[in-house]
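Just so it is clear, the structure is predicted and the values come from calculations on it, not from any experiment. Residue numbers count from 1 along this sequence.
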Amino acid sequence: GHAADSCAECPAGQGAGWCNGECVWREAGCVEKVPNHAALGFRNVSCGGHMSTSCAKCSQGHGEEWCNGECKWVEAACVVRAHRPSSKAPRDLISAAQESVALLEEILLPKASGEAANLQEACAELAGQNTSEAHGTLALLFLFGVPDEAGHLLFPWGIPRNLDTALRHILEGMGPKCSLCYTLLGFLTSLGHPASMAAAVQLRQGRETDLAASAYRAGSNLGNALSNMVFASMRLHGLISEDLTLGNPYNLSFWRRRFVGPVEGKECLTALDGTTLAVARSVQNCEDDPHRDWTQRPLNVQKPLEQKKEWADWVLNRASTDASWRYNYAKLLFHGTSSVPRNTTKAAEEYQRSVTAGHPGGHWNLFLMQMRGEVAESDEHIRAIINDKVSFQPSHVAMAESWAHRRGIAGRAKDAKKAGEWLEHAAMQGDRNAQVMMAKGLRGEPDKMLDGISFRERSEEKAGEFYAMAAVQGSSAASFMVTYLNLERNIGCVHAYKEWRKLATTCDPLAAALFAHARRSYEKGDHVGVALRLLLLSEAGSEVAMEAAAELLPTLASTNVQDDFAWVCGGLGWLGCAVQLRERLVLLGDTRSLSSLATMLRAGWRKSGKEDLARAKQLTRLAAERGDSRGLWDAAWDELCEGHNPRHAREFLEELQVVINRDGAGHLAALFVAAAVKLSHVPSLACWAFETNFPSASRVLGVTLFIALLVGHGLRPAM
């Protein structure tokens with residue numbers, strides 16, 4: 001009924017009733033029905049006789065006749081001429097990716113046709129939905145960018161990185177249905193992105209309100225696990241005040257604030273208050289999805305052989321003639337790898353074939369799938385386990401006996417008491433599943449798998465013991481419950497925080513997907529995208545992400561991307577970020593970071609002179625006391641050249657020899673240390689060589705030794 005310069009101005013204070021026509025009322029107010037595609041970074045394509053925002057939009061219901069120009073008709077779809085889609089076209093990608101995690105995982109999954117998904121069309125579909133959730137997903141994609149197979153951040157097979165576009169989607173999506181929007185706003189604000197810091201002002205509750213903390217708290221209140229852990233971590237490490245005010249209004253970035261070690265007491269308990277449900281939900285993901293590989297490896301560590309295509313091809317080739325290899329092929333299908341799509345139905349079939357071919361292991365796997373309801377119930381596998389006490393461990397037999405008595409199958413009478421007795425026997429024999437089930441039963445926790453099993457009297461203490469047994473064997477749920485039960489008794493708060501941040505940043509699907517994309521971006525050469533993902537995970541407390549980022553960021557500091565990200569980490573730049581990460585890792589007890597941080601301080605990254613050098617020596621001494629090889633080496637030269645104490649220097653070098661022999665670093669490393677011991681008897685000559693640019697014999701010796709040590713350990717040199 002009226003016109004305005006923009007949809008935002010349409011209501012004129014009258015609310016949703018004045019938001020019509022080309023505009024629509026959503027959580028954030030009156031917005032455009034169709035977002036500006038140019039602002040998304042899209043360009044129009046020629047359909048032949050007309051233009052459209054994408055080839056997918058060319059046909060407009062007219063089919064192949066309206067699909068020309070830059071586009072062509074393939075398999076009942078209009079696509080760009082450079083692409084021949086598989087039968088699972090982009091629309092299936094979108095229908096399965098209404099949430100950010102689903103889309104991120106879809107990009108990572110291997111395609112049957114071997115062809116990449118058209119991410120430009122995926123973004124267009126999301127933009128057309130114009131929902132808070134869709135804007136959150138688009139913000140995530142544009143913030144980090146997605147490289148295509150050639151490593152280019154370009155449409156249509158990749159997604160360009162554009163922080164301004166990401167921020168626009170964050171602001172359009174903000175509302176009760178987009179916890180991710182607040183998480184990303186908190187991250188950009190904490191990192192020091194100028195436009196985001198200005199935008200976060202709308203969350204300000206007072207002049208001194210902490211903008212980043214306010215955004216993260218909003219995300220936490222809406223159930224985002226990453227926001228929850230960032231908020232808790234920053235509270236516990238003294239970066240956020242209890243009332244969300246800034247102690248110093250200029251320290252807007254978390255990365256310029258003083259990071260302190262966690263301490264027991266009220267502050268710790270208060271910081272963890274409200275995180276229990278978020279961590280529990282994250283942990284449940286690890287327990288409910290045994291197929292997923294939840295591990296997070298350092299960027300420079302290659303994937304295990306079992307996850308490589310060469311292994312899959314080898315197993316598949318042998319599976320047709322050998323029962324044990326058919327069993328291995330079934331395991332590949334059950335878990336899925338980057339080259340073998342997960343398929344539990346086919347895995348069950350292959351397990352059954354391996355059993356028929358004479359491999360008994362398939363009985364146990366099919367029994368576990370039966371317990372989880374992934375295959376139909378049958379007593380065939382339970383009977384096989386019970387009757388074959390040679391092939392199966394006592395804990396497996398006991399577990400099968402318990403299930404048989406619970407269900408009244410495999411020739412066993414239905415008996416809840418015997419089911420409980422056998423379950424306890426399996427737990428005491430070391431079966432992790434049985435240990436968790438016993439703990440739940442003794443606490444009276446509701447679980448359908450416990451129906452038909454009778455337990456002894458309730459006992460929180462005994463339940464805690466079974467949880468502790470399962471935690472030692474790697475059960476995420478058990479690790480969480482051990483710390484949770486301790487917290488109920490007001491003990492072990494700092495230990496609980498350490499475990500919870502590890503569990504949350506590992507088992508949360510978004511965190512897992514971000515780390516997987518960081519690895520993919522690293523392989524494709526997009527190191528800025530890697531750095532941004534790792535910094536978000538670092539703020540949430542992931543030590544693996546901190547270590548990986550601390551290794552990577554100094555390499556960015558020497559490239560031309562430094563100027564584009566001069567604002568990063570509150571203006572510290574990439575190298576400053578790396579130093580801050582090492583500082584945090586040192587406070588968290590990481591021994592290797594002591595030597596790495598000392599090296600950075602010796603290099604004078606802040607050019608603050610004697611103060612940095614003195615601290616570097618302290619860190620080196622502490623690393624040496626903890627038996628770190630780099631620390632022992634540097635401490636020896638400090639003692640020889642600065643402390644003028646050759647005897648102490650030789651003590652460090654002799655201890656280094658013990659470390660080398662213990663760790664099997666190799667003869668070359670041992671040879672260099674032996675040479676250094678000899679050289680230490682002539683301190684003036686050794687130190688002259690160390691301090692002189694030419695011939696710099698001891699410096700070459702030191703560098704060569706360090707490389708030799710690292711080669712012996714199978715690692716890369718630290719920055």
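In this structure, the ring-ring contact (aromatic ring centres under 6.0 Å, His included) partners of H381, at least two apart in sequence or on a different chain, are H363. Q435 pairs by the side chain to side chain donor-acceptor pair (under 3.5 Å) definition with Q473, not counting sequence neighbours. Listed by chain and residue number, F259, Y497 satisfy the ring-ring contact (aromatic ring centres under 6.0 Å, His included) test with H237 (two or more places apart in sequence, or in another chain). With sequence neighbours excluded, no residue satisfies ring-ring contact (aromatic ring centres under 6.0 Å, His included) with F392. In terms of the salt bridge (charged side-chain N to carboxylate O under 4.0 Å, His left out) criterion, residue partners of R407 (sequence neighbours excluded) are, by chain and number, E377. Listed by chain and number, the residues in a salt bridge (charged side-chain N to carboxylate O under 4.0 Å, His left out) with D379 are R383 (sequence neighbours excluded). Take T483 and apply the side chain to side chain donor-acceptor pair (under 3.5 Å) test, not counting sequence neighbours, and it matches W500. Contacts of N433 classified as side chain to side chain contact (heavy atoms under 4.5 Å, CB included), with partners at least two apart in sequence or in another chain: L368, M399, D431. Not counting sequence neighbours, F466 has no partner by the ring-ring contact (aromatic ring centres under 6.0 Å, His included) test.
Residue pairs satisfying the disulfide bond (SG atoms under 2.5 Å apart) criterion with at least one member in residues 340-449, sequence neighbours excluded, are absent. Sorted by first and then second residue, the disulfide bond (SG atoms under 2.5 Å apart) pairs with a member in residues 380-495 read C268-C493; sequence neighbours excluded.
Between E465 and K462, at least one side-chain N (NZ, or NE/NH1/NH2) sits under 4.0 Å from a carboxylate O, which counts as a salt bridge. Under a 4.0 Å N-O distance rule, the pair E350/R326 qualifies as a salt bridge. Between R456 and E424 there is a salt bridge, since a side-chain N of the basic residue sits under 4.0 Å from a carboxylate O of the acidic one. Comment: K502 engages E499 in a salt bridge, judged by a side-chain N to carboxylate O separation of less than 4.0 angstrom. Salt bridge E421/K418: absent, no basic N to carboxylate O contact under 4.0 Å.
Using a 4.5 Å heavy-atom threshold, the side chains of T344 and L333 count as separate. The side-chain heavy atoms of L588 and M546, taken from C-beta on, include a pair separated by under 4.5 Å. Counting heavy atoms from C-beta on, the side chains of L226 and D508 come closer than 4.5 Å. Looking at F231 and T183, their side chains never come closer than 4.5 Å, going by heavy atoms from C-beta outward. Side-chain contact between W403 and M371: present, with at least one pair of heavy atoms (C-beta onward) separated by less than 4.5 Å.
A donor-acceptor distance shorter than 3.5 angstrom exists from the side chain of H405 to the backbone of A413, with no hydrogens or angles considered. Side chain of S233 to backbone of M229: a donor-acceptor contact under 3.5 angstrom is found. A donor-acceptor distance shorter than 3.5 angstrom exists from the side chain of S542 to the backbone of A545, with no hydrogens or angles considered. At distances below 3.5 Å, at least one donor-acceptor pair connects side-chain atoms of T321 with backbone N or O atoms of R318. Side chain of E264 to main chain of V494: a donor-acceptor pair is present (N/O by atom type, distance under 3.5 Å, no hydrogens or angles). The backbone N or O of G173 sits less than 3.5 Å from a side-chain atom of S132, completing a donor-acceptor pair. The backbone N or O of A398 sits nowhere less than 3.5 Å from a side-chain atom of S402 that would complete a donor-acceptor pair. A donor-acceptor contact shorter than 3.5 Å is absent between the side chain of S320 and the backbone of L316.
Ring pair Y484/F480 is parallel by interplanar angle, where below 30° counts as parallel and above 60° as perpendicular. The aromatic rings of W314 and W325 lie perpendicular to each other, with more than 60° between the two planes, well past the 30° mark.
Side-chain N/O atoms of T275 and N228 include no donor and acceptor closer than 3.5 Å.
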**Message:** Before you tell me yes or no, could you show the steps for E149 and K524 under side chain to side chain contact (heavy atoms under 4.5 Å, CB included), namely the whole-Å CA-CA distance, both residues' side-chain angles and the distance that decides it to 0.1 Å?
**Reply:** CA-CA 7 Å; E149 289 303 311; K524 303 300 179 186; 3.0 Å; yes
**Request:** Start with the C-alpha gap between L423 and F455, add the side-chain angles, then the distance that decides, and say whether side chain to side chain contact (heavy atoms under 4.5 Å, CB included) holds.
**Result:** CA-CA 9 Å; L423 183 66; F455 296 88; 3.9 Å; yes
**Request:** I would like to know whether N285 and S282 meet side chain to side chain donor-acceptor pair (under 3.5 Å); could you show each step before the answer?
**Result:** CA-CA 5 Å; N285 292 310; S282 296; 5.0 Å; no
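From F187, atom CZ reaches atom CG of L537 across 8.5 Å, with rounding to the nearest 0.5 Å. Here the CG-CG distance, from L138 to L126, works out to 5.0 Å after rounding to the nearest 0.5 Å.
Contact between A347 and A330 at its shortest, heavy atoms only, is CB-O, 3.6 Å. Considering all non-hydrogen atoms of both residues, S395 and Q429 come closest at CB-CB, 3.6 Å. Closest approach of A548 and L534 over heavy atoms only: CB-CD1, 3.7 Å.
For Y351 and Y327, the distance between ring centers is under 6.0 angstrom.
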Output a table of donor-acceptor pairs, distance under 3.5 Å, between side-chain atoms of residues 443-454 and any protein atom two or more places apart or on a different chain; print 'none' if there are none.
residue: R443; atom: NE; partner: E460; partner atom: OE1; Å: 3.1
residue: R443; atom: NE; partner: E460; partner atom: OE2; Å: 3.3
residue: R443; atom: NH1; partner: E445; partner atom: OE2; Å: 2.8
residue: E445; atom: OE1; partner: Y467; partner atom: OH; Å: 3.4
residue: E445; atom: OE2; partner: Y467; partner atom: OH; Å: 2.9
residue: D447; atom: OD1; partner: M449; partner atom: N; Å: 2.9
residue: D447; atom: OD2; partner: K440; partner atom: NZ; Å: 3.0

